[in-house]
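Below is one structure, written out as structure tokens; comments come after it.
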Amino acid sequence: MSQKDIYNEEQLFNLVRKGDEQAMRILYCRSVRYLSAVCSRYIYEEEDIKDVLQDAFLKIFASIKSFEYRGEGSLKGWMTKITLNETLTFIKNNSRLQFVELKQEEIDKFDEEPNTEGIPPAVIHSMIRELPDGYRTIFNLYVIEGKSHKEIAELLGIKPDSSASQLHRAKAMLAEKIKKYNTLNSISKCKRIG
């Protein structure tokens, strides 16, 4: 058993809260990969991800005394929220999120769900990362984080309709990417068989 594994979340939280530097390192090591993944859903450049994570961990350690532990997973959830907020602050300050309004009838059009069966999760993740910043941000906030269009609008300083239209465009763009991927995959399978 490594030293990283000797504490459960609550024990680790209590030690970090008391300023134990070893516990801080353990918490960092346990969480950095997960929190990096949270950032990478929104930010593409590795250096930017590192900068956001550094700011997030500084904020986590500076404000941990105000956090109220509520059971297993609550610390991870709190840290994720801080990291997401730092990520969105970075995006707002450093990115040109362009939002285009769609007419309601364009949003209401029936969307056929693309067939993602057999597509590796890493490929889908890559497709999402290739979306333009605004689309990717809203898609992740809505689909991954489970935020409503009203919540997204408040977080990004836009109208709820803008959020809905960006989500619609993001889904349409992803559906096109998935369709191309499936077409190319079926062609390569035919070549291998034939």
Side-chain angles (χ1 to χ4, degrees), residues 1-95 97 116 118-131 133-157 163 167 170 174:
M1 180 184 285
S2 76
Q3 227 173 357
K4 278 188 350 182
D5 300 325
I6 59 175
Y7 303 114
N8 68 29
E9 186 183 73
E10 185 175 15
Q11 292 167 326
L12 194 56
F13 162 69
N14 287 324
L15 288 169
V16 170
R17 194 173 187 170
K18 291 175 185 170
D20 184 304
E21 289 184 19
Q22 181 183 355
M24 288 179 183
R25 279 191 295 278
I26 293 170
L27 181 62
Y28 175 86
C29 290
R30 279 189 189 177
S31 353
V32 70
R33 287 187 69 193
Y34 173 76
L35 296 177
S36 292
V38 170
C39 286
S40 73
R41 287 197 297 256
Y42 299 90
I43 301 171
Y44 206 74
E45 298 295 325
E46 283 302 315
E47 286 304 310
D48 294 337
I49 292 169
K50 287 178 185 175
D51 289 344
V52 169
L53 279 176
Q54 180 178 349
D55 291 344
F57 274 105
L58 288 172
K59 191 166 271 187
I60 287 165
F61 291 133
S63 58
I64 199 148
K65 288 184 179 176
S66 65
F67 172 69
E68 186 180 319
Y69 188 79
R70 296 172 191 225
E72 191 68 31
S74 64
L75 180 59
K76 182 180 181 181
W78 178 72
M79 292 171 60
T80 301
K81 186 175 181 179
I82 288 174
T83 304
L84 179 59
N85 288 338
E86 288 299 308
T87 302
L88 294 177
T89 298
F90 175 86
I91 289 170
K92 285 191 277 187
N93 293 339
N94 297 290
S95 185
L97 294 179
T116 58
I119 302 177
V123 172
I124 292 176
H125 177 71
S126 178
M127 289 176 185
I128 293 169
R129 286 190 75 182
E130 291 169 0
L131 292 172
D133 290 346
Y135 295 178
R136 182 178 64 248
T137 299
I138 289 177
F139 180 86
N140 282 316
L141 286 170
Y142 188 86
V143 175
I144 309 294
E145 309 297 339
K147 304 277 185 206
S148 70
H149 289 301
K150 183 180 179 201
E151 291 170 313
I152 294 169
E154 289 170 6
L155 284 169
L156 299 178
S163 176
L167 178 65
L174 271 176

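Computed from a predicted structure; not experimentally measured.
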Within the structure provided, determine whether Leu75 and Leu12 are in side-chain contact (heavy-atom separation under 4.5 Å).
no

Strictly distance-based, threshold 3.5 Å: is any side-chain N or O of Arg136 a donor or acceptor partner for the main-chain N or O of Ile128?
no

Before giving the answer on side-chain contact (heavy atoms from CB on, under 4.5 Å), spell out for His125 and Ser40 the whole-Å C-alpha distance, their side-chain angles and the decisive distance to 0.1 Å.
CA-CA 10 Å; His125 177 71; Ser40 73; 4.1 Å; yes

Passes side-chain contact (heavy atoms from CB on, under 4.5 Å), Cys39 versus Phe90? Steps please.
CA-CA 10 Å; Cys39 286; Phe90 175 86; over 6 Å; no

How about Met79 and Lys76: do any of their side-chain heavy atoms sit closer than 4.5 Å?
no

Side chains of Ile82 and Ser63 in contact at under 4.5 Å (non-hydrogen atoms):
yes

Looking at every heavy atom in both Ile60 and Trp78, which two are closest together, and how far apart are they?
O-CH2, 3.5 Å

Around atom CD of Glu21, are there more than 12 heavy atoms of other residues, nucleotides or ligands at under 6.0 Å?
no

Whether the Glu130 and Tyr44 side chains hold a donor-acceptor pair (N or O, under 3.5 Å, no angle test) is what I'd like checked.
no

Spell out, as yes or no, whether a donor-acceptor pair under 3.5 Å connects the side chain of Glu154 to the backbone of Glu151.
no

So how far is it from Ser74 OG to Glu68 CD, rounded to the nearest 0.5 Å?
9.0 Å

With a 6.0 Å cut-off (strictly less than), is the heavy-atom count around CZ of Arg129, excluding the residue itself, greater than 12?
yes

Are the side chains of His149 and Leu167 in touch, meaning some heavy atoms are under 4.5 Å apart?
yes

What distance separates Ile119 CD1 from Ile124 CD1, expressed to the nearest 0.5 Å?
5.0 Å

Would you mind reporting whether Thr137 and Leu88 have side-chain heavy atoms less than 4.5 Å apart?
yes

Where Pro120 and Gly118 come nearest, the two heavy atoms and their spacing
CD-O, 3.5 Å

Looking at every non-hydrogen atom in both residues, tell me the closest pair between Leu53 and Ser36 and how far apart they are.
CD1-OG, 2.9 Å

Looking at CG of Asp55 and CG of Asn85, how far apart are the two atoms once the value is rounded to the nearest 0.5 Å?
12.5 Å

Measuring only between side-chain heavy atoms, which start at C-beta, is Tyr34 closer than 4.5 Å to Thr80?
yes

Between Glu145 and Arg41, is there a salt bridge with N-O shorter than 4.0 Å?
yes

Ring of Phe67, cation from Arg17 - is the NZ or CZ under 6.0 Å from the centre and inside 45° of the axis?
no

Measure the CG-CG distance between Leu84 and Asn140 for me, rounded to the nearest 0.5 Å.
9.5 Å

How close do Ile49 and Ile43 get, counting heavy atoms only, and between which atoms?
CD1-O, 3.5 Å

Tell me, do Met24 and Asp20 make a side-chain contact under 4.5 Å, heavy atoms counted?
no

Going through the distances and angles, do Tyr7 and Leu27 end up as a side-chain contact (heavy atoms from CB on, under 4.5 Å)?
CA-CA 10 Å; Tyr7 303 114; Leu27 181 62; over 6 Å; no

side-chain contact (heavy atoms from CB on, under 4.5 Å) for Leu174 and Tyr135? Distances and angles first, verdict last.
CA-CA 10 Å; Leu174 271 176; Tyr135 295 178; over 6 Å; no

Give a yes or no on whether Phe139 atom CZ has more than 12 heavy-atom contacts from other residues, nucleotides or ligands under 6.0 Å away.
yes

Are Tyr69 and Glu9 close enough that some pair of their side-chain heavy atoms sits under 4.5 Å apart?
yes

